[in-house]
Structure formats: structure tokens, C-alpha cells
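A short write-up of the structure that comes next.
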Amino acid sequence: MQPGLPFEPDYPPPVFVRHPRARRYVVSVRDNGGVRVTLPRWGSLREAREFFSRLDGWIDRQRRRLEVDRSAAPLVPAADRRLTMERARRELPLRLLELARDLGLQVPKVSVRNQRWRWGSCSRSGHICLNWRLVAMPGWVRDYVLIHELMHLRRLDHSKKFWALVAHACPAYQDARRWLREHGRSM
């Protein structure tokens, strides 16, 4: 039994998925406590299982953190959530386009969604998706996320060159990333 939990939760069995662009084995713990193991195309299932089994302690810590976050997260009534999402759909695209204009960028498409794992994303075609919860964050943190996605219009990676672009456009980006690490799960 895991320390700190009064019961042994039922977690789904691990899922092993081969991904053609993966360069290494990756283990992630999902919101439901299930584990996903991504294999590179050259990887073996045996090595993936060994890698997964070596991470038992880390997986348990992630699951405990999920339980703590879940118990600390405020439950938002459906009506309030709907109103907040409507506000996000009005405000976030306008702010994104304003920042894009200031940075000399064109955004072909913006959408606001209920993303579980990301604050934002940018596709190869330049479609930027934003998490509706951004509207409830401090403005300087929200702007960092928007600038981060806008910089993907220039570089669609997370290389040193990409982070240099982010730093130039948003000098306090590291503070915003720290805020997201500390407070993001409770949003």
C-alpha cells in the first residue's frame, strides 16, 4: 500500500505505445493514475518493461502528487465553469492576436479548448490552441504561455534557439514557468 493513502487505489494496467518520432523510452503518469510507456520505433518491449519497472518509486510519487493535487483542487460548479470558458473564448484569442501583432507575427487560427495536459499548443500549420484555464491565471503568467506558443510560429521545437526567442520576447519567462510548476495543477 502507498504511504499516505488509506486504501490501495485501482490503477489501470500500464499501456505500452510505440511512437515513430520517439527517441527514447518515456514513462508518464496520467490523470487517472495509469501509466503510459512510449517506445521508440527501434525499442523492444522487454527493455520498455525493464525501464518501467525501475521507475516504481517515481511512479508512486507521481501518483501521490496527483492525489494531493486532486484533493486540493477547488471544485468549480458547472455554471461557473461555463461562464469562465465563455470568458476565455472572448478574451484569450484577442490577447494572443494583440501579442502577435506586437511581435510581428501572423496567427492563422486560434481556438480555446479544455486541454487536460497542456496550457497551449501550436501545430505545424500555425493553429494555436489555448487552455481555457489560462484566463484565471495572473496576466504575466498567461502572457508567457501565449508568447511561448507564438514563438513556435518561428521555431517548432524546444531548442536553445527557441528558448532564446522566448527570453527575448518575455524576459520573466522563468518566473512564469516556476509559477506554473507550483500552481498550475490546482487550476
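Heavy-atom basis, side chains included; hydrogens, waters and symmetry copies ignored.
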- prompt: So with a 6.0 Å cut-off around CZ of Arg181, is the heavy-atom count from everything else above 12?
  reply: yes
- prompt: Does NE2 belonging to His158 count more than 12 external heavy atoms closer than 6.0 Å?
  reply: yes
Interatomic spacing from [atom1] in [X] to [atom2] in [Y] - rounded to 0.5 Å:
X: Asp80; Y: Arg87; atom1: CG; atom2: CZ; result: 12.0 Å
X: Glu149; Y: Leu134; atom1: CD; atom2: CG; result: 9.0 Å
X: Leu99; Y: Cys170; atom1: CG; atom2: SG; result: 9.0 Å

Find out whether [X] and [Y] are in side-chain contact, i.e. whether some heavy atom of one side chain is under 4.5 Å from a heavy atom of the other.
X: Leu94; Y: Arg89; value: no
X: Val17; Y: Leu39; value: no
X: Trp179; Y: Glu182; value: no
X: Phe16; Y: Leu45; value: yes
X: Val35; Y: Val15; value: no
X: Gln106; Y: Pro108; value: no
X: Thr38; Y: Arg18; value: no
X: Leu83; Y: Glu86; value: yes

Determine whether a donor-acceptor pair (N or O, by modelled atom type, separation under 3.5 Å) exists between the side chain of [X] and the backbone of [Y].
X: Arg142; Y: Val135; result: no
X: Arg36; Y: Val27; result: no
X: Tyr25; Y: Ser44; result: yes
X: Asn131; Y: Arg118; result: yes

- prompt: Think Arg177 forms a cation-pi with Trp163, using NZ or CZ under 6.0 Å from the six-ring centre and within 45 degrees of its axis?
  reply: yes
task: List for me each residue that meets side-chain hydrogen bond (donor to acceptor under 3.5 Å, both in side chains) alongside Asp175, sequence neighbours excluded, and say none if there are none.
output: Arg178
- prompt: Looking only at heavy atoms, which two atoms of Leu153 and Gly126 are closest? And how far apart?
  reply: CD2-CA, 3.6 Å
- request: May I ask you to say whether Glu98 pairs ionically with Arg95, meaning some side-chain N is under 4.0 Å from a carboxylate O?
  value: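 Yes, this pair counts.
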Are a donor atom and an acceptor atom from the side chains of [X] and [Y] found within less than 3.5 Å of each other?
X: Asn32; Y: Arg30; answer: no
X: Arg49; Y: Ser53; answer: no
X: Gln62; Y: Arg65; answer: yes

- request: Mind running side chain to side chain contact (heavy atoms under 4.5 Å, CB included) on Leu130 and Gln115 for me, showing each step along the way?
  value: CA-CA 8 Å; Leu130 301 172; Gln115 296 171 301; 5.5 Å; no
task: Step by step, work out the side chain to side chain contact (heavy atoms under 4.5 Å, CB included) result for Met137 and Leu180.
output: CA-CA 9 Å; Met137 290 182 182; Leu180 285 168; 3.5 Å; yes
query: Pick from Cys122, Ser111, Pro93: which one makes a side chain to side chain contact (heavy atoms under 4.5 Å, CB included) with Ile128?
result: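 With Ile128 as partner, side chain to side chain contact (heavy atoms under 4.5 Å, CB included) holds for just one option, Cys122.
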query: Mind checking whether Phe162 and His148 have ring centres under 6.0 Å apart?
result: yes
